[in-house]
Q: 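Dropping a structure here in structure tokens format, bear with me for questions.
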Amino acid sequence: MTMSIAAKHAKGKSAQDKIFGANAAAVAAAAKYGKDAVTNATIGAILDEDEKLVCLPTVEEVFRGLSTNEMIAYAPISGLPEYLDCVLTAAFGNSRPEGYIAAVATAGGTGAIHHAIWNYTDNGDTVLCSDWYWGAYKVLCQDMGRNFTTYKMLDENNKFNLPALKEKVDELLAKQDNLLYLLNTPAHNPTGYSLSGEDMDGVLAILKEAAVPGKNIVFFLDVAYIDYAGEKEEVRKIFKKLSGLPANILCIVGYSMSKGFTMYGQRTGAMIGVSSDKSVIDEFAAINQYTSRATWSNINRPAMRTLATIYSDPELLAKVCAERDYYYQMIKARADLFAKEAEECGLPMLPYVAGFFLSIPAKNPDAICEKLHEDNIFAVPLAAGVRIAVCAVPLKKIKGMAVKVNAAMQAVGE
Ligand SMILES: Cc1ncc(COP(=O)(O)O)c(C=O)c1O
């Protein structure tokens, strides 16, 4: 008999991460059949056309050029002041919303999501997200004793489903006083969808209507992929829409250096609060700093210094932007080829705008992924379909992939 001495809330917890599982299968196949014979579409990081993990050259230069003291010293718990200042520019560009704004450094974008769940919902509350979502959201909620529910993200015309969102927002606020809504855009993981300006207007109208006195909404805008979402200023225009929201709607922008700086393992991000009310933002800065102290203390100083150095130097920044653009174009070419071939062979695909992933809707994602192993293609099965990491697959291996996915779907009876 197995024995458990874990506390009641911790009993039975184990995260079987399908992404890391699928990656392990791909690595094993590459060892057996050779790297060239295997397509590993599971990894959420940019690999170049030679399948090497990319580090933006200017980021590497700045990071490696830091002094030993910068590398090893503690940072203030809420983050290096220069970082907290520059991260606003990195996140918002020229579209900084009007209102009170504060940033708190977090351990990656994940840390920002963690603090938002912990500090803006109560035990037993339900957090809202779309039905296509990054799996970690649910794990984070469940680990903290929160429920997680979803609305159907796209309607039958593959448009952002505002009525489905409204129904869930109203239903949840009838039962609880605070609602945390997680929205990942632009370049959504796992579909590559980006909300249009009009979609965002619709979302904000729904939230404003629902935020009656006594009810609070925390709108968490997860922009982890914003640096590979399209033209820099164009994709940031959504932030202007966060100006002038009522005091009982707090927007938290979840920022991550993982993708934009290719510093995934350095675990650096920020949560940026935007509100029309000063006391809401003072509280935001205080409670989230407190939770940082209680969770990880301070975060990675050299990564914060790297961002601050680059965003204080127009020349360095121009170089980094050009490097990001190069890889944005590389990923886009792969997604475009997949989409073209998918259309040609009649493979259904969710509307991809930009980003690291695209998704194929399916009823039997596990069976399809299993079948694809026969072709040495490895993708990630999600609840409602198959995720393909175009960020990690060179163009030559994308060629013909849609046809194989289509054949696998037919073989398992989709
Ligand atoms: C949707 C989404 N949000 C946030 C993150 C944040 O990641 P990190 O904690 O590495 O910054 C990721 C990373 O995979 C993601 O896919």
Side-chain angles (χ1 to χ4, degrees), residues 75-107 109 111-122 125 127-128 169 173 176-183 200-201 203-223 226 236-256 268-295 297-299 304 307-308 311-312:
I77 289 175
S78 58
L80 283 178
E82 298 85 348
Y83 172 76
L84 297 176
D85 187 24
C86 290
V87 82
L88 300 182
T89 308
F92 295 137
N94 294 335
S95 296
R96 193 176 294 206
E98 278 130 48
Y100 295 94
I101 296 180
V104 175
T106 57
I113 300 159
H114 171 270
H115 283 20
I117 296 167
W118 181 247
N119 285 328
Y120 290 97
T121 63
D122 276 306
D125 277 353
V127 172
L128 180 60
V169 167
L173 279 177
Q176 59 193 51
D177 291 338
N178 270 23
L179 173 62
L180 173 63
Y181 169 39
L182 302 172
L183 178 65
M200 192 58 90
D201 288 338
V203 168
L204 290 168
I206 288 168
L207 300 186
K208 280 190 221 171
E209 198 185 329
V212 295
K215 302 286 177 180
N216 304 309
I217 297 179
V218 175
F219 176 32
F220 190 100
L221 196 49
D222 180 348
V223 299
I226 196 162
R236 285 171 165 77
K237 283 186 177 159
I238 50 170
F239 294 126
K240 275 281 180 202
K241 298 178 188 291
L242 306 177
S243 309
L245 294 174
N248 58 345
I249 301 180
L250 166 66
C251 182
I252 302 176
V253 175
Y255 179 84
S256 167
T268 304
M271 59 197 306
I272 305 171
V274 180
S275 171
S276 57
D277 189 295
K278 183 173 183 303
S279 52
V280 168
I281 287 300
D282 290 345
E283 178 186 62
F284 170 88
I287 63 178
N288 290 304
Q289 180 191 22
Y290 188 89
T291 300
S292 294
R293 170 73 272 185
T295 312
S297 180
N298 59 114
I299 64 152
M304 288 194 279
L307 183 145
Y311 275 82
S312 318

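It should be emphasised that the depicted structure is a prediction, and the values quoted were computed from it without experimental measurement.
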Q: For the residue pair Asp125 and Tyr120, establish whether any side-chain heavy-atom pair is separated by less than 4.5 Å.
A: no
Q: Exactly one of Asn178, Ile249, Leu173, Leu179 should register a side-chain contact (heavy atoms from CB on, under 4.5 Å) with Lys215. Which one does?
A: Leu173
Q: Does a side chain donor of either Asn119 or Asn288 reach within less than 3.5 Å of an acceptor in the other side chain?
A: yes
Q: Restricting to non-hydrogen atoms, name the atom on Leu221 and the atom on Cys251 that form the minimum distance, rounded to 0.1 Å.
A: CB-SG, 4.4 Å
Q: Counting C-beta onward and ignoring hydrogens, is there a side-chain heavy-atom pair between Glu82 and Ser312 closer than 4.5 Å?
A: no
Q: Can you confirm whether Lys240 sits close enough to Glu98 that some side-chain heavy atom of one is under 4.5 Å from a side-chain heavy atom of the other?
A: yes
Q: Mind checking whether Val253 and Val223 have side chains closer than 4.5 Å, heavy atoms only?
A: yes
Q: What's the spacing between Asn216 CG and Gln176 CD if we round to 0.5 Å?
A: 11.0 Å
Q: Nearest 0.5 Å please: distance from the CE atom of Met271 over to the OG atom of Ser292.
A: 8.0 Å
Q: Rounded to the nearest 0.5 Å, what separation is found between the CG atom of Leu307 and the CG atom of Leu80?
A: 10.0 Å
Q: What residues form a ring pair (Phe, Tyr, Trp, His ring centres under 6.0 Å) with His115, not counting sequence neighbours?
A: Trp296
Q: Take the angle between the ring planes of Phe219 and Tyr181 and call it parallel below 30°, perpendicular above 60°, tilted in between.
A: parallel
Q: Given side chains that start at C-beta, do those of Phe284 and Ile101 come closer than 4.5 Å, heavy atoms only?
A: no
Q: Show the nearest heavy-atom pair for residues Val280 and Ala247, with the distance to one decimal.
A: CG2-O, 3.8 Å
Q: Is the closest side-chain heavy-atom distance between Val274 and Phe239 below 4.5 Å?
A: no
Q: For Tyr311, enumerate each residue passing the ring pair (Phe, Tyr, Trp, His ring centres under 6.0 Å) test, keeping only those at least two apart in sequence or located in another chain.
A: none
Q: Given side chains that start at C-beta, do those of Pro81 and Pro76 come closer than 4.5 Å, heavy atoms only?
A: yes
Q: Provide the closest heavy-atom pair for Ala285 versus Ala102 in the form atom of the first, atom of the second, distance.
A: CB-CB, 4.4 Å
Q: With sequence neighbours left out, what residues match Ser78 under side-chain contact (heavy atoms from CB on, under 4.5 Å)?
A: Leu84, Gln289
Q: Does any donor atom in the side chain of Asp277 or Ser279 lie under 3.5 Å from an acceptor atom in the other side chain?
A: yes
Q: Is there a side-chain contact between Thr89 and Val87 (heavy atoms, below 4.5 Å)?
A: no
Q: Pick from Ile113, Ile217, Val127: which one makes a side-chain contact (heavy atoms from CB on, under 4.5 Å) with Leu180?
A: Val127
Q: Working to the nearest 0.5 angstrom, can you tell me the gap between Ile272 CD1 and Ile252 CD1?
A: 11.0 Å
